[in-house]
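Below: the structure, in structure tokens.
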Amino acid sequence: MLKQYFKNIKNASTSIFEGLAVTLSYMVRKPITIQYPDRIEKPLPEMLPPTFRGILEVDTGICTVCMACMKRCPLDTIYIESERDPETRKNYLTRFDIDVARCMVCGLCTEVCPTGAIRHSTEFDAVTSDVINLVMRYVQPGDKIPAYKVSKEEEPPGVPQNEPYCRLKKQWDAPAPLQPDEVRGAVRWKKQTSKQEGR
Amino acid sequence: MSRMAVETLDNESTIVNMGPQHPSTHGVINLRLQLKGEVIEAVDPNVGFLHRSIEKIAELTQYTGFIPYTDRIDYLGAMFGNMGYCMAVEKLLGVEVPRRAQYMRVIACELNRIINHLIACGTMSMDLGAFTPFLHGIREREKVNDMMEKICGARLNYNYMRFGGVSLDYMPGLDKEILAFLDRFERFLPEFNRLITGNEIFVQRLLHVGVIPKETAIHYGLGGPNLRASGVDFDVRRDYPYSVYPEFSFDVVTGGHYPGECGDSYARYMVRIDEMRQSARLVRQAVEGLPEGEYLAKVARNPVPPKGEVYSKVESVRGEMGFYLVSDGTDKPYRLKVRTSSFCAMSVMPEIGPGLMVADMTAFFGSLDVVAPEVDR
Amino acid sequence: MNITFPDIVFVILAALILGCGAIVAYSRNIVRAGFSLLGAFAGVAGLYFLAQANFIGAAQILIYVGGVLVVILFAIMLTRGIAQAHSTNPRQMVIPATLMGLISAAMLITIALYFPWRLRPDAPVATVHSLGNALLDTYLIPFEFLSLLLLAAMIGAVMLVRKEIKESGKEESR
Amino acid sequence: MKYLFDSLTANWNLSPWMTTLALVLWVVVITAGVLVFMATFAGFTSWVERRIAGRMQSRIGPNRVGPFGGLQWLADGLKCFLKEDVIPKATDPVLFRLAPYLVFPGGFAAFAALPFGYGIAASNIDIGIFYITAITSLVVIGILMAGWSSNNKWSLIGGVRSAAQIISYEIPGGLAILTVVVLAGTLNMHELVVAQGGWPWHWFIFRNPFTFVAFFIFFASILAEGNRTPFDLPEAESELVAGYLTEYTGMRFLFFLFTEWANVWVISALLTTLFLGGWQIPGITDLGATIAAATSLGKWFWVLLSVAMFFIKTSALVFLVIQIRWTLPRLRVDQLMIMCWKYLVPMGFVTLLGSAIFLVLPREGAWAWFHLSVQGIMTLIGFAIVAGLIGRAWYNIHALKDRISLENWL
């Protein structure tokens, strides 16, 4: 009984001592905080591994208009329209919209793409004043982009393995105009230039 | 039973709502407590605040399209949702998973178990008033999260597994990175123990609190660390072996040899701490023995399994996670039932809760490691 | 009449004590009545400080505010439904109470006016020292008797409470 | 600081009324000075605490407002003042409004008797330490009032817990105070410091083994009275949402927190004064005589040096208090009471008795050597504990193969 009493006192004091020593030791260790967004060496998308599943981006130049991604998406995030020229019997891509606000970045669409036209960028901070601005429009209204044909001899371009991949920026720097009825936010989301300059 | 008790209360008791906006309920869970002074007379766990009808979604989605949803069942142990569901569909389809993919799955799952238990132990210490251990846990978890980005591309909702394998092969050098993390982690755990586990206040807060006897644990269908802490030597990985777990050596941690009682909150906490060690051991074995080969078997893009039903279970971080899948021969499941252990853990509260104090309740609740979305699905 | 600064302070303190006392007596909200005791106790402590009796003043705060008042408030708060109780004492005793009050007031005033108060030039300075000496030297035996009485009271209280727990029984056995 | 006032007004030949008025004015000025110190310190501590907590948790903490984030407390304070003052409908409006203003003087009035340096105290009253113990019990009433008037069950539990805790822990705290008071033979804060000396082995904490234990008893009980972790049950955020603070917003909320942070200083200053030699300067046996002998510039030098000594010691304890808060988990209510009544109170009696025995031991001849060696051994033990802590911290860094880095330290 009395032994237990003094044992409790001893346990309490030694364990508190050990705990204090641990917290004290962290006073002189390096914190692991990354001071996103302004106090980092380079923009965070460039620090992420190439496997990172960020916002979807599309290279319409190599899109075969197979619509596999549209069918695969569990959330109907992707909307593709195509047009067949009756004379030349060629396929044209007339619309390729991705609702980034609805996308859950599961990555299923990129896996079915035969050419790697749709893929994840390492961008993730799609901050905007209006959620409509997050509808990414990869084909300008009225444009017709000929569908890419996979040739037997040539390998499809595919995703360059293990290489940071941020072609999306270009899309955002020169955003496609929205339809008049869709324009609700004043400015479509633009990447802040100050962030790239760094501080 | 508990609801009745709450409604026929006498004048001496107070009813308080613990949650859904309460700091210690870890998500949107409501516990109605009937208090006499600070002692709890009855507990009424009120679930359903986070119900997203995931089982119904499964009936409307193609088989492959449902994989990302399994992340959302238990967001802290997303790998296990992936694994259980993929195993169920693979069983239906009769797909053989390549050995390399199996190893990669095991590595991912066990890393996931480590980081989940880090969070569980951290939040538990936070419930008891110590904030620092929680952030130390989070810090180590962050390292795994960074690796998870390389393994599968996401930090929380992994969506890593596919029917017949995994979605991505390893980046070069990733296995070395995992081993380096394990080296650090094995040194980190003793420090974590010095900081909080051995702390006398912490120990005294947990000893003999919320004791779940062996029989009760079995009757309520508890799983995982909660079940093993009560002295039931059961682990799906060992007793119903799946994947390549039989090829590795690991111990099933059970309560009973810790200070205090078998099945008290401290035992549950310590089982988690020791399971992290076992998981690190498993990951090390798997990384060192990682075979070469395919990481994804050839499976149809939109698989249509034959008619039939199948049940597959995995040892999730919170215990047995089962997927009961009925196929009617179309490309969408006819019915999917997910069996989760958090729900069982919530159901044991009215039985164990009375007699605890309010402060014990947070300790007990923390030690059960309930995750709200897994309760409601 | 020569008004000095201590006089003003005295009047303020007296007003505080009387005002708070009135709230205690007449407030229909028993919790507020309890809390306004704080003003009365603090005022009395202020009077002690004014009379240079620092130790007694601090003791007044420590014991009455920190101890007695807290216990009173405990009792009030832990009584169920007390916040809704909006009546103070029953009204039938108004006349006797007034009579009693008047008589005692008259007595006090008479004493205050006609008692030959003496002003001592040699007011005690170090109050703690003299108090300590008085308690542990001059009045040691009464002091020890008082302690014994308090001890007995305490043991009695503990015994009463223990009995109750034993009766109410099994629930607390965990 | 009455002596300063007396020396100032000595040759002004004021009438009694004017003297009184001047005295009132003087008190107001002193009060304002202490208030400003307390406000600045409380705010500053809130920043320091967050920075220290940040480092301990491998974070950085607030570092954006002002240099190193040092003005964060001003920003937060301003924010709190500008916030809407929400008073829920079901509260008791009078008591709800009044409670913060009752808690505040409890913390503030303690500053009046703290000796910040030689002769630097707002009031050098005869019963200093007793006065502080008494006046801090005002806080209980405020907290009870806040807890009850909020009309919230969590608040009420918090308030009742707080009251039970504070009145319980006054007993071991008082016993520990008595342990040193018996040695010094006075309740006056100034004389308590004078009874100690400059070097560590002259401090009361190392005077004998019993005062050494009494130091920790006092530390624990005053932490409990100040509602600091591991005794922060009244506002245990994981159990009671925020305890008695739950319904408070904006400025009133700030008043509570303000008092709490000011209390950190009171805790540390009391410990310094009672156990760690207060403002005593190592090497100076009689500071009063030294100052009396010095030139007018020298007087200032010595006084400022004594203030600096006091601040160094107190700041170290402030750090310790903050470190303890961010290290330890919280006790349960019954464990809190067990710790008080089964551990601290009996130990307090033992220390009081033991210290009294040491007091009646003779001090001549061989006994002087005995006392000196006891003091020396206790000092060595004390320093061994500190050294052990640092060594253990060193071991922790190396066990994880981390490197020492002071990046983002400030």
Side-chain angles (χ1 to χ4, degrees), chain B residues 14-19 21-26 33 35 37-39 123-140 142 180 183-192 194-196 199-207 209 356-363 365-366, chain D residues 49-50 52-61 152-158 160-161 164 220 227-243 246 322-339 343 392-393 395-402:
Chain B
T14 324
I15 289 184
V16 292
N17 274 304
M18 201 169 184
Q21 294 180 19
H22 188 279
S24 79
T25 48
H26 305 214
L33 308 179
L35 301 180
E38 283 219 28
V39 180
T123 46
M124 191 164 166
S125 66
M126 197 163 71
D127 286 347
L128 301 184
F131 199 73
T132 304
F134 171 66
L135 281 160
H136 283 200
I138 286 281
R139 187 189 63 224
E140 298 307 312
E142 206 58 20
D183 286 342
R184 182 189 160 83
F185 184 72
E186 276 155 14
R187 290 194 301 271
F188 164 76
L189 262 189
E191 188 194 87
F192 190 77
R194 279 201 296 278
L195 176 59
I196 187 72
N199 191 300
E200 186 69 7
I201 301 174
F202 187 74
V203 175
Q204 291 299 330
R205 279 293 301 275
L206 297 178
L207 287 185
V209 166
L356 298 179
M357 297 177 88
V358 178
D360 287 338
M361 195 64 197
T362 59
F365 192 71
Chain D
E49 170 153 24
R50 288 162 68 185
I52 292 176
R55 281 303 293 208
M56 283 172 184
Q57 299 164 350
S58 294
R59 297 186 286 119
I60 296 173
N152 177 324
K153 287 159 187 166
W154 299 119
S155 295
L156 182 63
I157 296 178
V160 172
R161 270 186 183 187
N227 289 339
R228 296 282 301 183
T229 316
F231 310 103
D232 64 339
L233 297 107
E235 48 196 283
E237 81 280 346
S238 59
E239 295 154 26
L240 306 181
V241 188
T246 308
I322 290 173
Q323 197 195 353
I324 284 176
R325 167 161 184 187
W326 293 101
T327 306
L328 298 182
R330 183 184 304 122
L331 290 150
R332 207 199 306 150
V333 161
D334 56 333
Q335 290 167 349
L336 186 86
M337 290 300 157
I338 285 173
M339 182 174 163
Y343 290 87
R392 199 71 183 146
Y395 166 79
N396 278 324
I397 294 172
H398 281 262
L400 222 59
K401 292 191 179 164
D402 274 350

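In the text below, chain A, chain B and the rest are named by the order of the sequence lines, each starting its count at 1.
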| Is a side-chain donor or acceptor of K401(D) paired with a backbone partner of R184(B) at a separation under 3.5 angstrom? |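 No, the answer is negative, given that no donor and acceptor are paired below the 3.5 Å cut-off.
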| field | Side-chain donor or acceptor of T132(B) paired with backbone N/O of T327(D) under 3.5 Å | value |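 It does not hold such a pair.
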| M361(B) versus chain D, the contacting section by heavy-atom distance below 4.5 Å | neither
| Heavy-atom proximity to chain D below 4.5 Å, by part of D183(B) | neither
| message | Checking side-chain contact (heavy atoms from CB on, under 4.5 Å) between P329(D) and each of I196(B), L206(B), V203(B), which is the one that passes? | response | I196(B)
Separation of [Y] [atom2] from [X] [atom1] (nearest 0.5 Å):
{"X": "L195(B)", "Y": "L328(D)", "atom1": "CG", "atom2": "CG", "result": "9.0 Å"}
{"X": "M56(D)", "Y": "L135(B)", "atom1": "CE", "atom2": "CG", "result": "13.0 Å"}
{"X": "N396(D)", "Y": "R187(B)", "atom1": "CG", "atom2": "CZ", "result": "13.0 Å"}
{"X": "R332(D)", "Y": "I201(B)", "atom1": "CZ", "atom2": "CD1", "result": "12.5 Å"}
{"X": "R330(D)", "Y": "T362(B)", "atom1": "CZ", "atom2": "OG1", "result": "7.5 Å"}

| message | Among residues at least two apart in sequence or on other chains, which ones pass salt bridge (charged side-chain N to carboxylate O under 4.0 Å, His left out) with R392(D)? | response | E18(A)
| query | Which pair of heavy atoms, one from W154(D) and one from N17(B), lies closest together, and at what distance? | reply |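 Scanning both residues completely, I find the closest heavy atoms to be CZ2-O, 3.5 Å.
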| message | Below 4.5 Å, heavy-atom pairs only: which of Q57(D), Q335(D), R59(D), M339(D) has the largest tally toward chain B? | response |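 The option with the most such pairs is Q57(D).
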| query | Who passes ring-ring contact (aromatic ring centres under 6.0 Å, His included) against F134(B), sequence neighbours left out? | reply |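 Checked F134(B) against ring-ring contact (aromatic ring centres under 6.0 Å, His included); zero matches.
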| field | Residue, of R194(B), Q204(B), E191(B), that accumulates the most heavy atom pairs under 4.5 Å with chain D | value |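 The option with the most such pairs is R194(B).
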